[in-house]
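Presented below is the structure to which this report refers.
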Amino acid sequence: MDKQTLLERIFGYTQFRPGQEELIDGVLAGRDVFGIMPTGGGKSMCYQIPALLLPGVTLVISPLISLMRDQVMALKAAGVPAAFINSTLNEAQMRLVYRNLLAGQYKIVYVAPERLDYGGFGSIVEKLSVSFVAVDEAHCISQWGQDFRPSYLRILNFIDSLPRRPVVGAYTATATKQVQEDVERILRLRDPVRKVTGFDRPNLFLDVIRPEKKDEELLRLLAGKRRKSGIVYCATRKKVESVCELLCDHGYAATRYHAGLPEEERSENQEDFLYDRKTVMVATNAFGMGIDKSNVSFVIHYNMPKSIEAYYQEAGRAGRDGSDAECVLLFNNGDIRTAQFLINNSSDNEELDPEQQEMVRQQDLARLDAMIGYCKTGLCLRGYILEYFGQKHPEVCGNCGTCRGDFEARDITREAQMILSCVKRIHDRLGYDVGQTLIQRTLQGRKDKRLLEKGLQELSTYGLMKNTGSTEIRMLIDHLEMDGYLRTDPENQAVGLTPSAAQVLFHGRQVQILVRKEPEEKLPAAMKKLLSGPEAELLDALKELRNDLAREAGVPAYVIFSNATLTDMAKKQPKTMTEFRKVSGVGEIKAAWYGTAFLKRIQKFRDENE
Ligand code: ADP
Ligand code: MG
Ligand code: ZN
C-alpha cells in the first residue's frame, strides 16, 4: 500500500495538505524530519501514515494525556490498531498494553515522556523493533518556548538507549528561530528534511474588538452561537470563574477549566466539552494543548494573551476541520497591565540561572509588545500575524475585522489638538509624562483621587472631551501615536509629545484617520457559506444521527465524522456506498461502519422532499 491509498482508505481524504507529502516521504526514505506547521495544519498524519507503512512499531511522544487519548480514539475509529501508555492506565491495563505490544498488535503507540524511563518500559522496548520515533509538540523541549517540559529532555537518552537508532521526526507549530534550533540540537536530528509550511489559516476569521464592557460584548458575540462549540479564554482563574458564571446565568451550556480546579473536575469538564455535552469551554491557557476537537467554531479571548505565539495557537483551535470559524479578541488597556503583571510575577523556572531567568523575562516582554501591536493595529490582522512569523502575505486578506470592515476618513484635527495640548499641559505642570488613562480621565473631567492629587483639574484642558467615551479617546491617542505625534515610553508607559506634535498644535496641520465603520450586522464568514434550505435541514439530521451513533459508541461526536465531513455529505447527498466514499473525510472503515446508517438517513430525506 502507498501513502495516497492510506490517505484515502483510512482517513478518507483525497489530497495531502502542504508539507505532508514531503515529511512522510522523508521518513519513508529513512531520513529524520522536522515539520513546522500551524495548529490544525495536519501534523498527526505526517507520522501516522509512515507508521502504517514502516515495519515494526512507531512510538509517538506526546506531552498531554488528553491528546493521546483523543488521537488513539480517532485512530481506532478509523480502524488503526493503536494504544497509549501513560499514568491513567492501571496496572492491569498496562500489562495488557505491554502484552499486545510484544505480540506486535499495535502499529502506533503514544507514550508520555515521563514513561520513557519508567516502569520497565525500556526493557519492553528493547524487545521490539522500533522503526520510528515521532516527537509531537516538539517545542516543549525548548526552554525558550512557552510550554517547556523538562521531561522532554529525556527523549534523546531514550533514543540512544535503543538497540538500533530509529528514524526521528519532530513536529511543532512554533516557528521562532530559537525554538527551531533547540529542537534540532537537543534531539540531535541528523540532517533532517525540514518543512516549514505557510502559517495562514484562511478559514479563520480574525477580529479584535475594544468593548466598553466586555461582558456585554461577549454575550452579543455568543448570541448567534447557541448551538456551536467554542472556547472563551481568560487571563486568570478568577475571570474564568466569573465569565463561566455569566454564561451559565444566560443559559449557555458552559463549563470551565483552570489549574486551580481538582484534577477530576478538570477532566470531567474537558470531557463534557469534547463530547458536546457542554458547548462553551471557559478556560485559562492551561486548557487546550493537544485538544484536537475538530468542530470548535469560535475561540474568543476575553483577555489579551501574552504573545502572538500563544494567541495563534489558542485561536488556531478553532476550525481545525477546515470549516469557517471565528477568532475574536476582546481588548482593553487593562489587559496590558494584567499581562505585564503575569510576566513579571511568573514563577521562576528552577532549571535556569538568574541571568537566563532575566533573559526569558525580557523575551516575554518583547513578545508581549508584539501582541499589543496586534490589538492596536489598524492594518490587516492576518497580515500582522503572518508578518510576525516571517511569512509573506498580501496587504489585504479579506477575512479579518480590518479587511471586512468599512472605512471612512474622518477629520480629527480638533480632537487631536485637544489631546495633544492636554498631554502638553500635563507635562508642563508636573514636569513628567503620565499614562494613557490619566490623560483620558483628565480630558473627560473625571474626579479620580490620583488626578486630583496631581492638581490636573486645574488645567484648561480638563473636561474638554467630557462627552467622549473612554475607548474612543484611547483609540484616538493610539492613532496619534501611530501617526507619530505621541510616543509611549516602553519603560513606564508614560505618553509624551514628539517634535511633530507642534505641527498640529501650532501650524494648523490637519489630522485624518481612517476609522473602521462598525458593520451594521456582524455576520461571520461562516454565515455566508452556510448551506441553505433543505440542505441545512439535512445537515441537522445528519448531525443528529452522528450524535446518536457517538453516544452509543461512547466517543466524542467529531471522532465519528467532523462537521466539515457532514457538510460535504449534505451537499453531495450520496446514493450508493461508492458515492458515500467520495465524501471528504470518509475512509474505508468508517464507510463500512456507518455508511448504511447515513445512506438510509439521506434516502429518507430525499423521499420526504420529493
Ligand atoms: P495539527 O496536529 O497540525 O494541529 P491535526 O493533525 O490535528 O493538526 O489535523 C487537524 C485536522 O486536519 C484533523 O481533523 C485532520 O483530520 C485534518 N486533516 C489532516 N490532513 C488532512 C488532509 N490532507 N485533508 C483534509 N483534512 C486533513
Ligand atoms: Mg497535533
Ligand atoms: Zn485582513
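Keep in mind the model is a prediction, meaning the values are calculated, not measured. Numbering of residues begins at 1 and proceeds along the displayed sequence. As the structure lists them, so they are numbered: ligands from 1, and atoms in each ligand from 1.
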Worksheet item: Which is closest to atom 10 (C) of ligand 1 in terms of heavy atoms, Gly40, Ala78, Gly12?
Response: Gly40
Discussion item. Counting non-hydrogen protein atoms only, what is the nearest one to atom 6 (O) of ligand 1? Give residue, atom name and distance.
Written reply: Ser44 OG, 2.5 Å
Discussion item. For Lys376, I'd like to know if atom NZ has over 12 heavy atoms of other residues, nucleotides or ligands within 6.0 Å.
Written reply: yes
Worksheet item: Which residue holds the protein heavy atom closest to atom 12 (O) of ligand 1, what is that atom called, and what is the gap in Å?
Response: Arg17 NH1, 3.1 Å
Worksheet item: For atom 8 (O) of ligand 1, what's the nearest protein heavy atom and its distance?
Response: Gly42 N, 3.2 Å
Worksheet item: When you check the gap from the basic side-chain N to the acidic O, do Glu579 and Lys582 get nearer than 4.0 Å?
Response: no
Worksheet item: Between Arg382 and Asp200, does at least one N-O distance fall below 4.0 Å, as a salt bridge requires?
Response: yes
Fill in: Arg227 atom CZ, neighbour heavy-atom count above 12 within 6.0 Å
no
Worksheet item: When you measure from the centre of the six-membered ring of Tyr152, is the NZ or CZ of Arg149 under 6.0 Å away and within 45° of the axis?
Response: no
Worksheet item: Does ligand 1 have any atom sitting under 4.0 Å from a heavy atom of Ala564?
Response: no
Worksheet item: To the nearest 0.1 Å, how far is atom 7 (O) of ligand 1 from its closest protein heavy atom, and which atom is that?
Response: Arg320 NH2, 2.9 Å
Practice prompt. Just jot down the ligand 1 atoms closer than 4.0 angstrom to any heavy atom of Pro38, in number order.
Written response: 3 (O)
Worksheet item: Which atoms of ligand 1 sit under 4.0 Å from any heavy atom of Tyr13?
Response: 15 (C), 16 (O), 17 (C), 18 (N), 21 (C), 22 (C), 24 (N), 25 (C), 26 (N), 27 (C)
Worksheet entry | Three-point angle Cys397:SG, the Zn ion (ligand 3), Cys400:SG, rounded to the nearest 10° | 110°
Worksheet item: Which of parallel (below 30°), tilted (30 to 60°) and perpendicular (above 60°) describes Phe561 and Tyr594?
Response: perpendicular
Discussion item. I'd like to check which ligand 1 atoms, numbered from 1 as shown, lie under 4.0 Å from a non-hydrogen atom of Phe16.
Written reply: 23 (N)
Fill in: salt_bridge(Lys3, Glu21) N-O dist < 4.0 Å
yes
Worksheet entry | Where ligand 1 meets Gln15 - atom numbers and elements under 4.0 angstrom, heavy-atom basis | 22 (C), 23 (N), 24 (N)
Fill in: Residue, atom name and distance, where the atom is the protein heavy atom closest to atom 20 (N) of ligand 1
Gln20 NE2, 2.9 Å
Worksheet item: Does a donor on one side chain and an acceptor on the other come within less than 3.5 Å for Tyr558 and Arg320?
Response: no
